[in-house]
Amino acid sequence: MERRSSAPVTDNEGFFNRVYDVTRMIPRGRITSYGAIARYLGTAGSARMVGWALNSSHHSHGFIPAHRVVNRNGLLTGKRHFGNSSTMQQLLENEGFTVTDDKVLEFRERFWDPSVEL
DNA sequence: ATTCTGACAGCAA
DNA sequence: TTTGCTGCCAGAA
């Protein structure tokens, strides 16, 4: 069942699916962090779970912009989980980001906080 | 049921 | 400032 992108994510579904839902809501050209998603889901401190969930995101159908999720410093900590080591950076650059030394320079300006935007 | 692990975050040195 | 250790919680083995 598809969820409306404008509606907040409920906790009816499993944790992983909630992570996927939020991730799918990240607008193109914006970026967020694992911790921000964790806080929005009400499980602050479980940022590691967000990463774990995204690790299985490839298994999910549909497009999940996991490349728009980086750590709190704007570091591409999950680049290794994209087929090629440069895939994540490529995807971000395609959306207008500047990545230097695995770090997104526009992290602060284009930061998208679900607990604020949603 | 128990133990290990992780695409993090916070804080102490 | 950078480095390292600890807490976190939900899956996987």
Side-chain angles (χ1 to χ4, degrees):
Chain A
M1 174 133 61
E2 273 304 325
R3 173 181 305 298
R4 279 177 292 256
S5 61
S6 57
V9 177
T10 68
D11 58 3
N12 294 333
E13 304 170 38
F15 188 85
F16 279 32
N17 283 318
R18 283 192 282 156
V19 172
Y20 300 154
D21 286 340
V22 177
T23 305
R24 270 192 286 261
M25 291 180 213
I26 304 173
R28 191 172 185 291
R30 302 296 294 286
I31 203 173
T32 192
S33 70
Y34 301 94
I37 293 177
R39 285 199 303 278
Y40 174 71
L41 294 180
T43 55
S46 63
R48 309 181 84 184
M49 287 297 82
V50 176
W52 189 252
L54 291 179
N55 183 35
S56 302
S57 64
H58 68 282
H59 182 280
S60 177
H61 294 299
F63 177 64
I64 297 181
H67 60 283
R68 294 176 190 150
V69 185
V70 297
N71 79 347
R72 59 165 178 177
N73 299 128
L75 226 51
L76 280 55
T77 53
K79 61 179 295 187
R80 350 194 280 167
H81 295 276
F82 288 78
N84 200 312
S85 283
S86 60
T87 304
M88 189 174 187
Q89 179 172 332
Q90 286 294 313
L91 291 169
L92 289 170
E93 294 179 330
N94 287 338
E95 297 190 9
F97 290 104
T98 306
V99 182
T100 302
D101 193 37
D102 293 345
K103 180 164 167 282
V104 180
L105 300 187
E106 301 85 354
F107 179 65
R108 301 190 70 183
E109 301 89 326
R110 300 194 178 290
F111 183 73
W112 183 83
D113 189 342
S115 60
V116 173
E117 307 285 345
L118 265 37

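Naming: A, B, ... by sequence-line order, numbering from 1 per chain.
- One interatomic measurement links the two molecules: CZ of A/Phe15 to C1' of C/dA12, which rounds to 16 Å at whole-angstrom precision.
- Atom CG of A/Leu92 is separated from atom CZ of A/Phe107 by 11.5 Å, given to the nearest 0.5 angstrom.
- Here A/Ala53 lies out of heavy-atom contact (under 4.0 Å) with every strand.
- The existence of a salt bridge linking A/Asp21 and A/Arg18 is excluded, since no basic side-chain nitrogen approaches an acidic carboxylate oxygen closer than 4.0 Å.
- We find that CG of A/Asn73 is positioned 10 Å from P of B/dG10, with the value rounded to whole Å.
- One interatomic measurement links the two molecules: CZ of A/Phe107 to P of B/dA7, which rounds to 18 Å at whole-angstrom precision.
- Ranking B/dA7, C/dG11, B/dA9 by closeness to the A/Ser33 side chain, first place goes to B/dA9.
- If you take OH of A/Tyr20 and C1' of C/dA10, they are 12 Å apart, rounded to a whole angstrom.
- Proximity note for A/Arg48 (side chain, C-beta onward) versus C/dC8, B/dA9, B/dA7: the nearest is C/dC8.
- Atom-to-atom, NZ of A/Lys103 to P of C/dT2 comes out at 10 Å; the value is rounded to the nearest Å.
- Residue-to-nucleotide proximity on DNA chain C shows that, of A/Ala44 and A/Ser56, the 5′-proximal contact is made by A/Ala44.
- At whole-Å resolution of the value, OH in A/Tyr40 and P in C/dC9 are 20 Å apart.
- Looking only at side-chain heavy atoms (C-beta outward), A/Leu75 and A/Val70 stay at 4.5 Å or farther from each other.
- Closest approach to the A/Thr77 side chain among B/dA9, C/dG11, B/dC8 is made by B/dC8 (side chain taken as heavy atoms from C-beta onward).
- Relative to the side chain of A/Ser46, the nucleotides C/dC9, B/dA7, C/dA10 differ in distance, and C/dC9 lies closest.
- The side chain of A/Ala47 sits closest to B/dC8 out of C/dG11, B/dC8, B/dG10.
- Each of A/Arg39 and A/Met88 has a nearest nucleotide on DNA chain B; the 5'-most of these lies closest to A/Met88.
- Counting all heavy atoms, side chain and backbone alike, A/Pro65 lies closest to A/Thr23 at CG-O, 3.2 Å.
- Contacts of A/Asn71 with the nucleic acid, taken as non-hydrogen atoms under 4.0 Å apart, involve only primed sugar atoms and P, OP1 or OP2.
- Rounded to an integer number of Å, the gap from CG of A/Leu75 to P of C/dT2 is 12 Å.
- For A/Arg110, the CZ atom sits in a loose shell: 12 or fewer heavy atoms of surrounding residues, nucleotides or ligands are nearer than 6.0 Å.
- Computed from coordinates, the A/His59 NE2 to B/dA7 P distance equals 18 Å when rounded to whole Å.
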